[in-house]
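Each chain gets a letter, A, B and so on, in the order the sequences are listed, and its residues count up from 1. Computed from a predicted model, the values in this text were never measured in an experiment.
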Amino acid sequence: MKNQVISEMFERMADVLEFKGENVFKINAYRKASRIIQNLTEDIENIWKMGRLREIPGVGEGIAKKIDEYLHTGKMKKYDEVTHDVSDSLIELMNIPGMGSKTLSLVHKELGVKNLEDLKMVIEDGRLARLPKIGEKKVENIKRGIERLSVMRERLLLGRVLPLVEWIIEDLKKKTKVSQIAPAGSLRRMKETIGDIDILTAGKDGRRIIEQFTHLPQVKEILVSGETKGSIITHGGIQIDLRVVPEESFGAALQYFTGSKAHNIKLRDMAKSRGLKINEYGIFKGEVRLGGQAEEEIYSLLGLPWIPPELREDRGEIEASLEGNLPELVDYQDILGDLHIHSNYSDGTSSIEEIAIKARELGYKFVAICDHSQSVKYAGGLSEDQLLHQIEEIKEINERIDGIKILAGNEVDIKQDGTLDYPDSILAKLDIVIAAIHQGFRKQVTERMIKAMENPYVNIIAHPTGRLISGREGYGVNLDLILEKAAETNTLLEINAYYDRLDLNDINCRKAKKLGIRFSIGTDAHHVDQLWMIRLGVGVARRAWINKLDLINTYPLNELEDFLKMKIWNNYRLMK
DNA sequence: GCCGTTTTCGGCCCGACTGTTTTCAGTCG
């Protein structure tokens with residue numbers, strides 16, 4: 001799949017052209033094409049083979065030709081031409097906050113700066129400050145930018161940030177008289193990683209609200225404190241911005257600060273062609289303000305239904321809205337149970353009973369206990385006897401506790417030879433079987449997973465790519481083959497909601513959905529306090545345009561139990 | 001370089017803030 005590499009080439013060209021001072025609109029055209037190609041769920045090579053490159057939005061004659069050339073020859077002349085005389089280390093300097101393309105090219109041209117070392121040097125010896133249009137403050141800015149760059153390199157994980165933001169919002173609600181308050185930005189879109197945190201409020205006394213905000217106990221350092229904007233660093237080193245807007249602009253501001261940028265640009269473009277104008281204060285016709293108190297007003301005045309934040313990535317949601325084809329997304333309240341939880345039988349720390357009681361408190365109808373299997377020694381995998389014992393205990397608790405059904409399950413290891421960690425006779429005793437790779441990440445992972453899916457007792461493949469957001473690359477599976485097999489065998493794919501996994505991710509889920517594959521969400525929780533993470537999984541599902549029917553966590557218990565047996569029944573029919 | 005219910009040429013999202021400037025360019029989100 002060449003989508004990624006082609007997308008990166010255009011992004012690179014955009015960066016270099018920006019540095020060279022090319023026409024801004026041309027640069028944006030490359031950026032847009034890059035982003036859209038990155039978001040494609042289809043292999044660009046397939047699209048190319050069908051002669052349909054030009055049907056990709058943002059791909060016109062010129063870019064189509066370049067893609068065609070690259071896919072034919074493995075080369076793109078224009079790319080080489082544009083980038084050959086500019087090094088990576090130079091272009092990377094544009095990432096420094098305060099250092100844009102104009103400043104960089106000035107610094108490069110006048111002082112011969114080629115990398116970070118050079119830049120630091122001309123700051124130290126005062127040559128930078130002597131350039132035209134560069135003053136003391138600008139130098140100071142860049143200097144701080146360099147320091148910040150090294151700190152803020154990494155984006156924050158959604159699952160780390162969400163609880164903190166909600167805590168702060170609750171605190172602010174108690175301490176201030178804000179009429180409305182909500183998180184915005186990529187957090188509200190439930191993106192798996194967050195750049196910076198934006199919270200939006202409506203209220204009259206902005207200065208006072210900001211004052212309260214900057215004096216919360218979580219605050220370590222105040223960066224900005226004004227009438228409409230406050231900015232702080234928490235003890236955990238996370239930057240949070242709070243903005244206060246007038247009540248009548250809350251919807252417009254929420255829409256604006258939620259983004260994404262690409263989604264907003266498209267909306268504004270639409271507004272323009274209808275003689276309207278959108279900004280963070282409202283939607284206008286000439287001088288007349290037509291709305292902006294609620295987000296819905298912005299959308300409805302453009303002839304659109306309100307679009308859920310999770311969809312706002314310019315991945316076709318605006319077009320779908322126009323056609324009346326917006327999906328009916330699964331809702332956070334639709335979840336009736338968590339289908340991947342570890343107990344203290346293996347490496348979890350809560351007892352099955354604790355889990356059942358907590359799940360019932362959460363309003364669930366069922367939970368699946370899926371501990372590790374015997375060969376996963378490092379995680380206390382269960383021997384056959386222990387598993388049988390666990391099944392008995394689950395039966396006993398089910399009889400004793402009302403209002404919740406515990407499903408006896410297991411996260412069965414797919415061993416290095418591709419066989420499963422328990423014989424079928426054991427698997428047959430379980431209500432739900434999740435198969436997973438935990439060892440031998442480099443050994444024929446795709447083939448092993450395919451073999452596992454062929455087993456009629458395997459309902460679900462856990463964390464199918466194995467990636468960890470904060471680090472590990474993943475197993476290097478051939479996902480297309482996995483998806484094909486999952487569709488063929490009616491095997492579900494897991495959306496593992498553990499905050500560092502979120503695997504499958506949104507784009508891959510959407511791809512799978514198009515093949516008719518269904519999903520299950522499991523938190524992979526190892527303690528009852530981690531059960532809340534199911535929301536992260538639902539966020540992924542919503543970002544993947546998934547509806548209730550696609551997700552078995554929304555099925556009433558009896559339908560779920562039937563569904564989980566379907567694969568065995570089908571297999572039985574085939575054998576007859 | 002893309003694109004078209006005002007356009008096949010002439011547009012291309014919008015505003016705030018900052019700093020270096022005598023009216024605005026650069027950067028950011």
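At a threshold of 4.0 angstrom between heavy atoms, the contacts of A:Phe257 with the nucleic acid are absent. When heavy atoms are screened at a 4.0 angstrom cut-off, A:Val59 is found touching the sugar-phosphate backbone but no base atom. Nucleic acid contact class of A:Gly98 (heavy atoms, under 4.0 Å, all strands): sugar-phosphate only. A:Lys26 comes within contact range of at least one nucleobase, with a heavy-atom separation under 4.0 Å. Looking at heavy-atom distances under 4.0 Å, A:Ile96 makes contact with sugar-phosphate atoms alone, never a base. Counting any heavy atom pair closer than 4.0 Å across all strands shown, A:Lys65 reaches no nucleic acid atom. Among the heavy atoms of the strands lying under 4.0 Å from A:Ile278 are primed sugar atoms or P, OP1, OP2 only; no base atom is included. Among the protein residues, A:Lys261 comes within range of the nucleic acid bases, having at least one heavy atom under 4.0 Å from a base atom. A:Lys266 comes within 4.0 angstrom of no nucleic acid atom, judged by non-hydrogen atoms across all strands. Contact annotation for A:Glu140: no contact, since no heavy-atom pair falls under 4.0 Å across all strands.
Looking at A:Arg543, A:Arg189, A:Lys191, A:Lys513 one by one, the single match for salt bridge (charged side-chain N to carboxylate O under 4.0 Å, His left out) with A:Asp506 turns out to be A:Arg543. With respect to A:Asp314, the salt bridge (charged side-chain N to carboxylate O under 4.0 Å, His left out) criterion is satisfied by exactly one of A:Arg268, A:Lys261, A:Arg35, A:Lys32: A:Arg35.
For A:Tyr281 and B:dG15, a side-chain-to-base donor-acceptor distance below 3.5 Å is absent, hydrogens and geometry of angles not being considered.
Of the C1' atoms belonging to B:dC13 and B:dT27, the separation is 16 Å, rounded to the nearest Å. Nucleotides B:dT20 and B:dT6 place their P atoms 44 Å apart, quoted to the nearest Å. Rounded to whole Å, the P atom of B:dT22 lies 24 Å from the corresponding atom of B:dA16.
Base-pair partner of B:dC17: B:dG26 (Watson-Crick or G-U wobble, both distances under 3.5 Å).
In this pair, A:Trp48 and A:His72 present their aromatic rings perpendicular. The plane angle is above 60°, beyond the 30 to 60° band.
Using a 4.0 Å cut-off between a side-chain N of Lys or Arg and a carboxylate O of Asp or Glu, A:Glu69 and A:Lys78 do not qualify as a salt bridge.
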TODO: Applying side-chain hydrogen bond (donor to acceptor under 3.5 Å, both in side chains), run through A:Tyr499 and A:Arg160 and close with a yes or a no.
DONE: CA-CA 7 Å; A:Tyr499 76 102; A:Arg160 280 236 188 267; 3.1 Å; yes
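Taking only side-chain atoms of A:Phe25, from C-beta outward, the nucleotide of B:dC12, B:dT27, B:dG15 with the closest atom is B:dC12.
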